[in-house]
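Single-structure report; data block below.
Residues: numbered from 1 along the sequence shown.
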Amino acid sequence: MKKIDSFLNESEREEVAKFISSLEEKTSGEIRVAVRFKRGFFEKNKSVHELAIKEFHRLKMHKTREKTGVLLFFLLDHKEFHIVADEGIHTKVEDGTWDNIANELTQHFKQQKFKDGILHGLNKVGAILSQHFPRKSDDTNELSNEVSFR
């Protein structure tokens, strides 16, 4: 069994991707989930925040038309995660919003309910994005909805 399967198996990853697609039907925002197994050799002193920002750029989330990307980033070996939102979102979303979602995710994860926690967090993110960044008539899906893992 692959390490990713103990966190999210293939059918759960597909479910997450479909859920992201359904959320993005209501917003011009872009949502991704990325899972890393561990820090790379040259990343040992990097914080989870720094790694999440690096992953945000690797996935080209900073290149969305309205700067409305949100990444849920998970670092499995260290049982850490971080939520990154692009600069277009910070102008409209209150400070502490992502921390509140992170706290709710933590409660699910403590019970080993990884998929449920991710779906719950995604639902919260989707609601925030649809409120502040409703879908526009010319909106296109700019990024993959697949769970990224490496």
Side-chain angles (χ1 to χ4, degrees), residues 4 7-8 12-110 113-150:
I4 183 75
F7 183 68
L8 289 176
E12 290 171 329
R13 292 191 303 269
E14 289 173 9
E15 187 177 343
V16 167
K18 286 178 184 172
F19 192 66
I20 290 171
S21 294
S22 72
L23 293 171
E24 288 182 352
E25 290 175 4
K26 301 173 190 128
T27 179
S28 59
E30 291 288 333
I31 307 167
R32 293 287 317 255
V33 172
V35 180
R36 286 269 307 269
F37 301 113
K38 61 182 180 177
R39 287 174 170 84
F41 182 78
F42 295 107
E43 299 173 331
K44 297 206 184 301
N45 295 321
K46 301 263 187 213
S47 69
V48 69
H49 170 77
E50 291 170 305
L51 294 174
I53 296 291
K54 182 177 177 182
E55 194 70 9
F56 190 87
H57 286 274
R58 187 185 77 78
L59 295 171
K60 302 192 183 337
M61 295 189 71
H62 62 295
K63 294 193 177 209
T64 60
R65 180 171 71 175
E66 296 182 28
K67 304 287 185 204
T68 54
V70 177
L71 174 66
L72 278 68
F73 175 78
F74 301 90
L75 187 60
L76 296 185
D77 271 5
H78 298 278
K79 298 181 180 174
E80 295 179 280
F81 65 92
H82 193 71
I83 302 172
V84 178
D86 208 347
E87 61 190 43
I89 293 172
H90 292 297
T91 60
K92 295 188 178 186
V93 177
E94 294 179 25
D95 289 340
T97 299
W98 310 121
D99 292 335
N100 292 337
I101 294 172
N103 290 335
E104 292 176 24
L105 279 169
T106 299
Q107 297 310 310
H108 283 88
F109 291 175
K110 283 181 180 177
K113 295 180 179 179
F114 303 118
K115 181 199 75 167
D116 293 344
I118 290 171
L119 293 178
H120 176 81
L122 288 171
N123 193 47
K124 294 278 190 166
V125 168
I128 291 164
L129 289 178
S130 64
Q131 176 187 355
H132 295 290
F133 305 96
R135 187 172 177 94
K136 297 179 178 173
S137 60
D138 65 343
D139 190 67
T140 59
N141 189 17
E142 298 177 74
L143 301 171
S144 169
N145 297 330
E146 300 296 315
V147 175
S148 169
F149 62 94
R150 58 189 189 107

Would you say the side chain of [Y] lies within less than 4.5 Å of the side chain of [X], judging by non-hydrogen atoms?
X: Ile118; Y: Val147; result: no
X: Ile53; Y: Phe73; result: no
X: His120; Y: Leu105; result: no
X: Thr64; Y: Leu143; result: yes
X: Phe81; Y: Thr106; result: yes

Please confirm whether the backbone N or O of [Y] pairs with a side-chain atom of [X], one donor and one acceptor, at under 3.5 Å?
X: Arg32; Y: Ser144; result: yes
X: Glu24; Y: Ile31; result: yes
X: Ser21; Y: Ala17; result: yes

Are Phe149 and Leu76 close enough, and set up right, to give a side-chain contact (heavy atoms from CB on, under 4.5 Å), and what steps lead you there?
-> CA-CA 10 Å; Phe149 62 94; Leu76 296 185; over 6 Å; no

Step through the shown structure and confirm whether more than 12 heavy atoms of other residues, nucleotides or ligands are within 6.0 Å of CG on Asn45.
->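 For Asn45, atom CG is not crowded (no more than 12 foreign heavy atoms under 6.0 Å).
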
Evaluate whether atom NZ of Lys115 has more than 12 neighbouring non-hydrogen atoms of other residues, nucleotides or ligands under 6.0 angstrom away.
->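 Yes - once you tally the heavy atoms of other residues, nucleotides and ligands closer than 6.0 Å, there are more than 12.
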
May I ask you to say whether [X] pairs ionically with [Y], meaning some side-chain N is under 4.0 Å from a carboxylate O?
X: Arg39; Y: Glu50; result: no
X: Glu15; Y: Lys18; result: no
X: Lys63; Y: Glu30; result: no

On a heavy-atom basis, which atom in [X] and which in [Y] lie closest, and how many Å separate them?
X: Phe133; Y: Thr27; result: O-OG1, 2.7 Å
X: Val84; Y: Ala52; result: CG2-CB, 3.5 Å
X: Val16; Y: Leu122; result: CG1-CD1, 3.7 Å
X: Ala34; Y: Leu59; result: CB-CD1, 4.0 Å
X: Arg58; Y: Glu55; result: NH2-OE2, 2.7 Å
X: Met61; Y: Val70; result: CE-O, 3.2 Å

Mind running side-chain contact (heavy atoms from CB on, under 4.5 Å) on Phe74 and Val33 for me, showing each step along the way?
-> CA-CA 8 Å; Phe74 301 90; Val33 172; 3.8 Å; yes

Any chance you could lay out the side-chain contact (heavy atoms from CB on, under 4.5 Å) test for Glu43 and Lys54, step after step, and finish with the verdict?
-> CA-CA 11 Å; Glu43 299 173 331; Lys54 182 177 177 182; 2.6 Å; yes

About how many Å separate [atom2] of [Y] and [atom1] of [X], when rounded to the nearest 0.5 Å?
X: His90; Y: Thr97; atom1: NE2; atom2: OG1; value: 10.5 Å
X: Glu146; Y: Arg13; atom1: CD; atom2: CZ; value: 9.5 Å
X: Asp138; Y: Arg65; atom1: CG; atom2: CZ; value: 4.5 Å
X: Leu119; Y: His108; atom1: CG; atom2: NE2; value: 9.0 Å
X: Glu94; Y: Ile128; atom1: CD; atom2: CD1; value: 9.5 Å
X: Arg36; Y: Lys38; atom1: CZ; atom2: NZ; value: 10.0 Å

Checking side-chain contact (heavy atoms from CB on, under 4.5 Å) for the pair Ile89/Lys67: CA distance, chi angles, key distance, verdict?
-> CA-CA 7 Å; Ile89 293 172; Lys67 304 287 185 204; over 6 Å; no

Can the ring centres of Phe114 and Phe109 be said to be less than 6.0 Å apart?
->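 Yes.
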
Hey, can you tell me if His49 and His82 have their rings parallel, tilted or perpendicular (30° and 60° cut-offs)?
->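 Taking His82 first and then His49, their aromatic rings stand perpendicular (interplane angle over 60°).
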
So, Asp139 versus Ser28: side-chain donor-acceptor pair below 3.5 Å or not?
->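 Asp139 vs Ser28: no donor-acceptor pair found between side chains.
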
